[in-house]
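Per chain, numbering begins at 1; letters A, B, ... match sequence-line order. Heavy atoms only: backbone and side chains are in, while hydrogens, waters and symmetry mates are out.
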Amino acid sequence: MGWDDIRDLARIRRSRSNRKVAGVAGGLARHLDIDPVILRVAFVVLTFFGGVGLLLYVALWLLLPEDGSDWATIKLDRRSRTFALVIVGALALLLLVSHGWWGHGGGTFFFLAVVVGVIALATQLPRRDRGRPGPPPGQPNPYARYATPPAEPGPTGTESVDTESGTEQAASPSGGYPVTPPPSYAPEQPRPVNPRKRGPILFWFASAVMAVALGALGIADLAGADVAPSAYPATVLGLSAVFLLVGSFFGRAGGIILVGLVAAATTVGTTVADRWDPHSTTVVPSSSAQLQPEYTMDVGELRLDLTDINDPAALDGRTIHLTGNVGHLEVRVPAGVTVDAVTEVTGVGGINAFGRDGGGFDTSVTAVHDAGPGAPHLTIDADLHVGGIDVEVGRDY
Amino acid sequence: MSEHTTDQTQPLEERARRSFAAGIHPVNAGHLVMGVAFLGLVVIWALIESGTADASDLRWLLPIPWVAAGAAGLIATAPRLRGTRD
């Protein structure tokens, strides 16, 4: 199974023999020479991310012909079908990337995806094992699943087979035997025993251990122990690691990589959400002495209201620095003070300073509120990585 | 009677030992690589969560599991490359 074979997308057929719904996963898995369970689980898991899995499945259902046929529900020739498949793949990738599943709260979806993935595996694995008996001893060339059946040792002639187009040209000088066209795929042969897939399936034992560990963690959490939310997926990740290390030498650890990948993503998501909890801070100093020269925030919202300052004249010549990472900076200045606002959003965001707008990537706006001659002069210097900055003249919130 | 018991238990023990031995196989590099990588990620998570490392340390911490996983995979597959499979 080479790269060129895989790239020949027009050869893909929906499997008749290995199907749960329409044979899409079975056919794709045969084309890629991998276990169909992996693709089935992937389709189910992807369904949770904007329905990508479902859309992809239906699209492939309509585009891929069945075994033994050259025409799908949507009738396209080989070239057009290849092009359509590439477009479908690109669209699915685009949908997946644009879904934004790394955001806060994505953990719930991941957990849901894990549960569905486990259920999918639970329904698929035993059937797969029953449906795939071991190869009889001395099975000749069991890799030849894509090839035509071995030709009968005929007394005369040679046969050339074009497996790509599914047609066959017989070139037998003396008439030879009548040749029947082979199906696009030869009947499925039993797989050879992979020496690295030996021993007991570890997936179910690992699932049970993970369930016990998660339950124990939950009990400890309820009992008052300080259990971080990310400890749950991290436990699953750690156990996946242990069982994969065991499975690399003993038994079969199939399916645990997928569980580990989902657990890793969930661990990242919950750790980030837990540590960078956005919060809102409002600062309303009542005198210029209370006003700090610098205010910072990480993620969230920072409001600085200077309209309650009872000695605005003392603000003359001062500069206030506000810096933030992600979120919203808002400054309200008293009408009787001349203010220079120097604002910058280094990443993506928007700025509104005394009615002057700016937005996009790496934006800076400088604006002045002129309170007339003789008014005290204050400078506001606000910097943010991502988000919005508002500087305005006193108005109630 | 005693002879009957030994006849029954002996093959059972033997069978258990043999079935365990039958489960041991040549190293599966894919599982080994992902196992090492996941283990490394858990260690990083533990360091962050315990306060031993903070977010700024992730820049140099995060590549370590993958380097370790790749090294483990290379060590596991190197002897096989010497063979003449193709």
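Put simply, the side chain of A/L258 does not reach to within 4.5 Å of the side chain of A/I38, judged on heavy atoms. Looking only at side-chain heavy atoms (C-beta outward), A/V236 and A/L214 come within less than 4.5 Å of each other.
Inspection of non-hydrogen atoms places no residue of residues 59-66 of chain B under 4.5 Å from chain A.
When each of A/T346, A/V345, A/T323 is tested with A/H385 by the rule side chain to side chain contact (heavy atoms under 4.5 Å, CB included), just one qualifies, namely A/T346.
Residue B/V36 touches chain A through both its backbone and its side chain, counting heavy-atom pairs closer than 4.5 Å. Residue A/T235 does not touch chain B at all, counting heavy-atom pairs closer than 4.5 Å.
Checked against a 6.0 Å centroid threshold, the rings of A/F203 and A/F243 do not count as neighbours.
With B/H25 contributing its side chain and A/R252 its backbone, the two residues share no donor-acceptor pair below 3.5 Å.
With values rounded to the nearest 0.5 angstrom, A/Y295 atom OH is found 8.0 Å from A/L322 atom CG.
The ring-ring contact (aromatic ring centres under 6.0 Å, His included) search around A/F43 returns A/Y57, not counting sequence neighbours.
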